[in-house]
**Q** 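Shown below is the structure under consideration.
The structure displayed is predicted, hence computed values, not measured ones. Start at 1 with the first residue, then count along the sequence.
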Amino acid sequence: MLLSIRLMSYNHGEFIDEALEGVNNQNTNFKFEVVIGDDFSTDDTLRKIQAFQFTNPNLTVHILERKKGDDYDLMRQKTGRLYNFYDIINHCQGKYIALLDGDDYWTDPLKLQKQVDFLELNLEYTFSFTRFEVKDDNKLTLIDDKNGHYFNDEANIEFTFEKFAAGWYGGVPTLVFKAAVFDTNLILKYTYFRDIYLFTELLKSGKGVCLNVFSAVYRIHEGGVYSSATILERAQTGSLCYKELYEANKDILHLKLKYYNFHRYYIHELIKHKKYAKTIYQVLVFGFKMKDLGFMNKEFKKFVRVLLSKVRIKAKTSNGDVAFPGSQAYWEQRYSNDMNSGSGSYGRLAQFKAEVLNDFVLNNVVQTVIEFGCGDGNQLSLASYPSYKGLDVSLKAIEICKSRFKNDLTKDFYHLGNEFLKTAKADLVLSLDVLYHLVEDEVFENYMDQLFKSSNKYVIIYSSNYDEVLTDHVKCRKFTDWINKNVSKHWSLIDRLNNKYAFHEKDPENTSMSDFYIYKKV
């Protein structure tokens, strides 16, 4: 038996048929077995698995028998849900092990053949995985894994700790690894064993590779362990996981960096959820543990800035209640408090936007650009525009940009209340990460009207496009409804580009809920 498929299930009755069909469709020139462990499902999952075994006698299918009160049940109660993973792996007989959960499924019938072929021909590699898609059953969407930018028309690419630390998620439903290199006892050794632990241990044992093919779908649904947790719980779990991994592998610098990043995210969420005492405790404990006074100093300064901004930006109404003073006042106070335009205008998100916009300006021979919401100018610093006019609701933001680009004669900046707006026209008009900050309906309506009136040829909007109120200063809107109702006779959507770094709760500072919508005047 060259390969074993570890299939783990719990209350996956709604999804298990797709998982089993993907297994049954595998076309290989070698024998493989399917080892299935159901963790006492209360729906019809086990019945469907048994029916699959009965109707596919040519497949080697082992269903691990479990009964309440047996040895498995007793160990399960002592060690938790991970014991199912541990038990199945220990029953696998193959040289290689492929992982699959009952709510995910395979889409490529040659998946196992391709991965085993690579590992058999390249003995220095101990594991392989592939590209995958993510299916959100709540939003009814299917998107890719956002890992395409790692490839330059290459058939495969080596996976390293460096790429792991940079945020590349491998996708467990696509993983195939050499059984001999993984110590199954590690599953029970760790308190929080997750996918990242497995990838860490495999990288310690040898080289990994990602094949540039799509072979599986990872499903997000309400019954999932990750999906059912709150954002704060996910942030805390991420910090605890990387703490445990780092403490067991202190010689791996990349794990230390991941621990820092995830703990910062946890602190960010504590502040966001107004857990101020716990915030202070976590900053102090982490800082002293890592012997990093700089970390404590930086995080406390950030904490104080947030508290001050809340005090200054909030205003009391006549009856004593706290009210949001409006989007214009919010941004004026934000920039006056030395806060920036936000994470979307920095790092890889800013670079992604710049690449798209610079290419568009070049390819469409755009000569003049107006941006509604220039912010602090950091995004603009990456731009290549022949002639640019920046507008903003904040006088402080205009002051910052004028100072920053004082020697650049191709750029001018105006407050949104300036007379310039009455006659302003450009080839291209931009709205980048602005719409969901226009929380007042009247402000939104006027903004959209002026946005399209100011363009001779193109309008590019970079924003979310659904209705949801997230915070006082973030109100997502399905802005395409406004466009369809008001300007669709004169403007046509010619392209939509999905974000390379689609929003993920685990990494909100480096991912975004915005996509590009490009309109052309009819």
**Q** Kindly state each residue pair satisfying salt bridge (Lys or Arg N to Asp or Glu O under 4.0 Å) with at least one member in residues 353-381, sequence neighbours excluded.
**A**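 Qualifying pairs, neighbours excluded: Lys353-Asp433, Glu355-Lys500.
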**Q** Testing the 3.5 Å rule here: is there a donor-acceptor pair between the side chains of Ser239 and Tyr259?
**A**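 No - no donor-acceptor pair under 3.5 Å links their side chains.
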**Q** Test side chain to side chain donor-acceptor pair (under 3.5 Å) on Asn340 and Tyr335 and set out the steps.
**A** CA-CA 6 Å; Asn340 62 34; Tyr335 290 122; over 6 Å; no
**Q** Might you point out which heavy atoms bring Asn499 and Ser512 nearest each other, and give the distance in Å?
**A**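 For Asn499 and Ser512, the tightest heavy-atom pair comes out as ND2-CB, 3.4 Å.
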**Q** Is there side-chain contact between Lys520 and Val459, with at least one heavy-atom pair below 4.5 Å?
**A**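 No - every pair of side-chain heavy atoms lies 4.5 Å or more apart.
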**Q** Decide if atom OH of Tyr150 counts as having more than 12 heavy atoms of other residues, nucleotides or ligands within a radius under 6.0 Å.
**A**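 Yes, the 6.0 Å shell around OH holds more than 12 heavy atoms from other groups.
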**Q** List the atom of Ala397, the atom of Gly375, and the distance in Å for their closest heavy-atom pair.
**A**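 Minimum heavy-atom contact is CB-O, 3.6 Å.
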**Q** Working to the nearest 0.5 Å, report the span between NE2 of His268 and OG1 of Thr279.
**A**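 With rounding to 0.5 Å, NE2 (His268) is 11.0 Å from OG1 (Thr279).
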**Q** Would you call Asp408 and Lys411 a salt bridge, using N to O less than 4.0 angstrom?
**A**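 Looking at Lys411 together with Asp408, the answer is yes, because their closest N to O distance falls below 4.0 Å.
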**Q** Once rounded to the nearest 0.5 Å, what's the spacing between atom CD1 of Ile518 and atom CG of Leu497?
**A**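 Output value for this atom pair is 5.0 Å.
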**Q** Give a yes or no on this: more than 12 heavy atoms of other residues, nucleotides or ligands lie within 6.0 Å of atom CG of Leu409.
**A**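 At most 12 heavy atoms, drawn from other residues, nucleotides or ligands, come within 6.0 Å of this atom.
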**Q** Surrounding NZ of Lys207 (heavy atoms of other residues, nucleotides or ligands, distance under 6.0 Å), is the total greater than 12?
**A**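 Counting other residues, nucleotides and ligands, NZ of Lys207 exceeds 12 neighbours.
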**Q** I'd like to check Arg264 versus Phe295 (side-chain heavy atoms, cut-off strictly below 4.5 Å). Are they in contact?
**A**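 Touching, per the 4.5 Å side-chain cut-off.
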**Q** Are Glu399 and Lys402 within salt-bridge range, i.e. N to O under 4.0 Å?
**A**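 Salt bridge: no.
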**Q** Applying ring pair (Phe, Tyr, Trp, His ring centres under 6.0 Å) to Tyr242 and Tyr260, what does each step give before you reach the verdict?
**A** CA-CA 9 Å; Tyr242 278 104; Tyr260 264 87; over 10 Å; no
**Q** Classify the side-chain pair Gln115/Lys111 by whether it contains a donor and acceptor separated by less than 3.5 Å.
**A**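 Result is yes, a qualifying pair exists.
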**Q** In Å and rounded to the nearest 0.5 Å, what is the OG to CZ distance from Ser514 to Phe503?
**A**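 Here the interatomic distance stands at 11.0 Å.
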**Q** Scan side-chain atoms only and decide if Thr45 and Asp43 contain a donor-acceptor pair under the 3.5 Å cut-off.
**A**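 The answer is yes; a qualifying pair exists.
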**Q** Are Glu299 and Val283 side-chain neighbours, meaning at least one heavy-atom pair lies under 4.5 Å?
**A**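 Heavy-atom side-chain distance check passes, below 4.5 Å.
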**Q** Quick one, Thr410 and Ser387 - any side-chain contact, counting heavy atoms below 4.5 Å?
**A**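 In short, these two side chains do not touch, never coming nearer than 4.5 Å.
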**Q** Counting only heavy atoms not in Glu445, do more than 12 sit closer than 6.0 Å to its CD atom?
**A**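 It does: Glu445 CD has more than 12 such atoms within range.
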**Q** Quick check with a 6.0 Å cut-off and a 45 degree axis cone: is Lys258 positioned over the face of Phe164's six-membered ring?
**A**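 Judged by the rule (NZ or CZ under 6.0 Å from the ring centre, within 45° of its axis), Lys258 counts as positioned above Phe164.
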**Q** Checking side-chain polar atoms at under 3.5 Å, does Asn446 have a donor or acceptor matched by the opposite partner on Gln450?
**A**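 No - no donor-acceptor pair under 3.5 Å links their side chains.
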**Q** Taking all atoms of both residues into account, what is the closest heavy-atom pair of Leu435 and Ile461, and its distance?
**A**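 The pair with the smallest heavy-atom distance is CD1-CG2, 3.6 Å.
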**Q** Would Thr480 and Asn465 count as a side chain to side chain donor-acceptor pair (under 3.5 Å) here? Give the steps.
**A** CA-CA 7 Å; Thr480 51; Asn465 189 36; 3.1 Å; yes
**Q** To the nearest 0.5 Å, what is the distance between NZ (Lys135) and CG (Leu142)?
**A**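 Answer rounded to 0.5 Å: 7.0 Å.
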**Q** Could Lys163 and Trp168 be counted as a cation-pi pair, given that NZ or CZ must be under 6.0 Å from the ring centre and within 45° of the axis?
**A**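 Judged by the rule (NZ or CZ under 6.0 Å from the ring centre, within 45° of its axis), Lys163 is not positioned above Trp168.
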**Q** Side-chain contact test, heavy atoms from C-beta onward, threshold under 4.5 Å: evaluate it for Met448 versus Asn486 and give yes or no.
**A**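 Not touching, per the 4.5 Å side-chain cut-off.
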**Q** Between Ile16 and Ser9, which heavy-atom pair has the shortest distance, and what is it?
**A**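 Closest heavy-atom pair between Ile16 and Ser9: CD1-CB, 4.4 Å.
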**Q** Does the Lys NZ or Arg CZ of Arg477 fall within the cation-pi geometry relative to Phe444 - under 6.0 Å from the ring centre and within 45° of the axis?
**A**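 Satisfied, under 6.0 Å and within 45°.
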**Q** Could you go step by step and tell me if Phe15 and Tyr105 meet the ring pair (Phe, Tyr, Trp, His ring centres under 6.0 Å) rule?
**A** CA-CA 9 Å; Phe15 318 115; Tyr105 58 97; 9.4 Å; no
**Q** Take Phe129 and Phe199 through the ring pair (Phe, Tyr, Trp, His ring centres under 6.0 Å) test and state the conclusion after the steps.
**A** CA-CA 11 Å; Phe129 59 99; Phe199 277 98; 5.7 Å; yes
**Q** Check the orientation of His254 and Phe161. Use parallel for under 30°, tilted for 30 to 60°, and perpendicular for over 60°.
**A**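 Parallel.
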**Q** Considering all heavy atoms of both residues, which atom of Ser454 and which atom of Phe372 are nearest to each other, and what is their separation?
**A**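 The pair with the smallest heavy-atom distance is OG-CZ, 3.5 Å.
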**Q** Phe405 vs Phe413, test: ring pair (Phe, Tyr, Trp, His ring centres under 6.0 Å). Steps then yes/no.
**A** CA-CA 10 Å; Phe405 300 100; Phe413 301 93; 5.8 Å; yes
**Q** Evaluate the side chain to side chain contact (heavy atoms under 4.5 Å, CB included) criterion for residues Leu100 and Trp106: first the C-alpha distance (whole Å), next the side-chain angles of each, then the deciding distance (0.1 Å), finally the verdict.
**A** CA-CA 8 Å; Leu100 181 63; Trp106 294 338; 3.6 Å; yes
**Q** Would Asp103 and Tyr218 count as having a side-chain donor-acceptor pair, cut-off 3.5 Å?
**A**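 No, because no side-chain N or O of Asp103 sits under 3.5 Å from a partner of the opposite role on Tyr218.
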**Q** With rounding to the nearest 0.5 angstrom, report the OG to OH distance, Ser488 to Tyr519.
**A**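 Going from the OG atom of Ser488 to the OH atom of Tyr519 covers 9.5 Å.
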**Q** If you count heavy atoms of other groups shown closer than 6.0 angstrom to NZ of Lys521, is the number above 12?
**A**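 Above 12, so yes.
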**Q** Closest approach of Phe303 and Tyr276, non-hydrogen atoms and distance?
**A**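 So the two residues come closest at CE1-CD2, 3.5 Å.
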**Q** Of Phe360, Tyr458, Tyr462, which is the lone residue that meets ring pair (Phe, Tyr, Trp, His ring centres under 6.0 Å) with Phe516?
**A**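 The residue from Phe360, Tyr458, Tyr462 that satisfies ring pair (Phe, Tyr, Trp, His ring centres under 6.0 Å) with Phe516 turns out to be Tyr462.
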**Q** Determine, stepwise, if the pair Asp145 / Phe214 fulfils side chain to side chain contact (heavy atoms under 4.5 Å, CB included).
**A** CA-CA 9 Å; Asp145 55 11; Phe214 286 90; 4.3 Å; yes
**Q** Side chain to side chain contact (heavy atoms under 4.5 Å, CB included), that's the test. Do Leu211 and Thr174 meet it? Break it down for me.
**A** CA-CA 10 Å; Leu211 307 185; Thr174 75; over 6 Å; no
**Q** Less than 4.0 angstrom from a charged side-chain N to a carboxylate O is my criterion; do Asp481 and Lys485 meet it?
**A**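 Result for this pair is no, no salt bridge flagged.
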**Q** Quick one: does Phe132's side chain get under 4.5 Å of Val217's, heavy atoms only?
**A**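 A side-chain contact is absent here, since even the closest heavy-atom pair is not under 4.5 Å.
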**Q** Using the side chain to side chain donor-acceptor pair (under 3.5 Å) rule, pick out the option among Asp108, Asn147, Asn212 that qualifies with Arg131.
**A**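 Testing each of Asp108, Asn147, Asn212 against Arg131, the sole residue satisfying side chain to side chain donor-acceptor pair (under 3.5 Å) is Asn212.
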**Q** Can you tell which of Ile398, Ile400, Leu430 makes a side-chain contact (heavy atoms from CB on, under 4.5 Å) with Cys374?
**A**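 The side-chain contact (heavy atoms from CB on, under 4.5 Å) with Cys374 is passed solely by Ile398 among Ile398, Ile400, Leu430.
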**Q** Between Val176 and Leu112, is a side chain to side chain contact (heavy atoms under 4.5 Å, CB included) present by the stated rule, with each step listed?
**A** CA-CA 8 Å; Val176 173; Leu112 297 180; 4.2 Å; yes
**Q** State plainly whether the residues Arg219 and Glu18 are in salt-bridge range, i.e. N to O under 4.0 Å.
**A**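 Counted as a salt bridge, because a side-chain N and a carboxylate O are separated by less than 4.0 Å.
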**Q** Assess the side chains of Ser431 and Tyr447: does a donor N or O sit below 3.5 Å from an acceptor N or O?
**A**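 Per modelled atom types, Ser431 and Tyr447 side chains form a pair under 3.5 Å.
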**Q** How far does CZ of Phe300 sit from CD1 of Ile267, to the nearest 0.5 angstrom?
**A**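 So the CZ of Phe300 and the CD1 of Ile267 are separated by 8.5 Å.
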